[in-house]
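Just below is one structure, and these are the notes that go with it.
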Amino acid sequence: MRFIQDCEIIAHDQTAPGHWRMCLRSPEIASAAKPGQFCMVEVAESLYPFLRRPMCFSEVDADSFCILYKLEGEGTALLAQRVVGQTCSIQGPLGNGFPIDPGFERHIIVSGGIGVATFPALAKALAAACKRPPEVVLAARTRHLLLCEDTFKALGCAVHLATDDGSVGEKAYAAQMLERLNPGPDTRVYACGPMIMMETTAAVAGQAGANCLVSLEAQMACGDGACLGCVVEATEEREGEKMVRVCVDGPIFDADAIDWEAHNTAYDL
Ligand SMILES: Cc1cc2nc3c(=O)[nH]c(=O)nc-3n(C[C@H](O)[C@H](O)[C@H](O)COP(=O)(O)OP(=O)(O)OC[C@H]3O[C@@H](n4cnc5c(N)ncnc54)[C@H](O)[C@@H]3O)c2cc1C
Ligand code: FES
């Protein structure tokens with residue numbers, strides 16, 4: 001079930017430089033949303049900008065949900081101006097969401113930068129469904145961009161911090177931290193962050209025989225499978241194309257389903 005609703009903004013705070021958390025009231029969307037799914041957010045009350053912006057469900061409660069977002073450009077700058085008490089039009093929930101499988105012995109979340117936004121909801125679901133809470137690798141460029149540490153700790157997660165500049169935690173990249181945790185065939189890894197971070201994380205997981213799911217980002221227009229604006233190269237052909245649509249086939253994919261090499265060539269990485 002999906003909705004388009006004007007939702008009341010019930011909280012909106014800056015959580016770190018350039019990063020905001022907005023909570024919205026909607027019992028219907030909150031009760032339908034699954035971890036890993038996303039919504040399309042109308043950023044301004046005016047007709048411009050026309051396109052909604054995709055945002056993950058970061059936290060979900062009985063009658064409300066929160067998004068956690070980074071200021072990127074015009075749309076998110078307009079969104080940051082919205083205030084508590086106003087309404088914001090939300091379309092969702094959209095996409096497939098993370099499968100929750102208690103059959104895995106270990107669950108390791110690997111987050112890079114604002115990629116963390118999708119993980120508080122997942123960590124909560126895993127902590128409730130599995131024998132023990134997930135382990136979390138929280139990686140970012142520098143210490144003030146490490147978000148949600150307290151949220152994960154409150155759920156009982158062991159949190160491993162990594163920064164590119166070594167300002168807190170280990171001076172390491174996310175994939176290196178995962179390697180140090182020795183994942184194995186009994187492990188499921190969940191990764192979200194920049195493409196290169198997900199590719200290297202998937203490689204480490206693959207070498208260890210672990211299952212790896214990635215939450216992909218792509219520029220989106222319709223969010224509904226129609227415009228093909230969000231396609232990503234895949235390893236297997238579907239309906240005559242080696243492409244998947246992030247909005248309806250994802251955003252969660254098995255890492256083996258993504259052609260990382262083709263993506264790097266397309267973007268000259
Ligand atoms: C399924 C999904 C879930 C997302 N969830 C979140 C979230 O929870 N929190 C969050 O902060 N962001 C999230 N994003 C990314 C977010 O949608 C974009 O940052 C946002 O649309 C940028 O809008 P803007 O108008 O501010 O920037 P624009 O002016 O549209 O773009 C500014 C810059 O950001 C780049 N950009 C725009 N959209 C994307 C994108 N989707 N991926 C990579 N680069 C982009 C543009 O190329 C440009 O360089 C998600 C994206 C997807 C596809
Ligand atoms: S955003 Fe239009 S097909 Fe995915």
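Just follow the structure's listing: the first ligand is 1, and inside any ligand the first atom is 1. For clarity, every value in this text was computed on a predicted model and none was experimentally measured. Quick note: residue numbers are just sequence positions, from 1.
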Return yes if some donor-acceptor pair links the side-chain N/O of Arg106 with the main-chain N/O of Phe104 below 3.5 Å, else return no.
->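 Not a single qualifying donor-acceptor pair exists.
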State whether the side chain of Arg25 and the backbone N or O of Cys7 hold a donor-acceptor pair below 3.5 Å, judged by distance alone.
-> no
My question is simple, although I want it checked carefully: is [atom] less than 4.0 angstrom from any protein heavy atom?
atom	value
atom 15 (C) of ligand 1	yes
atom 26 (O) of ligand 1	yes
atom 49 (O) of ligand 1	no
atom 31 (O) of ligand 1	no

Does Gln86 reach the side chain of Glu45, with side-chain heavy atoms less than 4.5 Å apart?
->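 Yes, their side chains come closer than 4.5 Å.
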Which bit of [X] is near ligand 1, meaning a heavy atom under 4.0 Å away: side chain, backbone, both or neither?
X	value
Cys247	neither
Pro54	both
Thr76	both
Phe38	side chain

Check this for me - ligand 1, [X], N or O atoms closer than 3.5 angstrom, yes or no?
X	value
Ala77	no
Met220	no
Glu217	yes
Leu68	yes
Ala218	yes

Measure up the Phe57 and Phe65 rings against each other and bin them: parallel (under 30°), tilted (30 to 60°), perpendicular (over 60°).
-> perpendicular
After noting the C-alpha distance and the side-chain angles of Tyr173 and Glu179, does the key distance pass the side chain to side chain donor-acceptor pair (under 3.5 Å) rule?
-> CA-CA 10 Å; Tyr173 293 123; Glu179 202 165 14; over 6 Å; no
Between the side chains of Gln5 and Ser26, does any donor sit under 3.5 Å from an acceptor?
-> yes
Any donor-acceptor N or O pair under 3.5 Å, side chains Asp259, Thr235 = no
Residues in side chain to side chain contact (heavy atoms under 4.5 Å, CB included) with Asp256, at least two apart?
-> Asp254
Output the list of atoms in ligand 1 that are nearer than 4.0 Å to some heavy atom of [X], sorted by atom number.
X	value
Glu74	25 (O), 26 (O), 29 (O)
Ile114	9 (N), 10 (C), 11 (O)
Gly75	24 (P), 25 (O), 26 (O)

Can you tell whether the side chains of [X] and [Y] come within less than 4.0 Å, N to carboxylate O?
X	Y	result
Arg238	Glu236	no
Glu170	Arg180	yes
Lys131	Glu105	yes

side-chain contact (heavy atoms from CB on, under 4.5 Å) between His12 and Arg21, worked out = CA-CA 6 Å; His12 195 192; Arg21 174 176 175 269; over 6 Å; no
Nearest neighbour in protein (non-hydrogen) for atom 28 (P) of ligand 1 = Gly73 CA, 4.2 Å
Considering only the protein, which heavy-atom contact is closest to atom 45 (C) of ligand 1, and what is its distance?
-> Gln219 NE2, 4.0 Å
Can you check whether Cys230 and Cys247 have SGs under 2.5 Å apart?
->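 No, Cys230 does not link to Cys247 through a disulfide.
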Could you check Val168 against Glu149 for side-chain contact (heavy atoms from CB on, under 4.5 Å), going step by step and ending with a plain yes or no?
-> CA-CA 12 Å; Val168 71; Glu149 182 184 353; over 6 Å; no
Counting only protein N/O/S, how many atoms fall short of 2.8 Å from atom 4 (Fe) of ligand 2?
->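 With waters ignored, the protein N/O/S count below 2.8 Å is 2.
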Connected via hydrophobic side-chain network under 4.5 Å: Tyr190 and Val137 =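 No, Tyr190 does not connect to Val137 through the hydrophobic network.
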The one among Glu72, Met40, Arg53 that brings a heavy atom closest to atom 21 (O) of ligand 1 |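 Result: the heavy atom closest to atom 21 (O) of ligand 1 is in Arg53.
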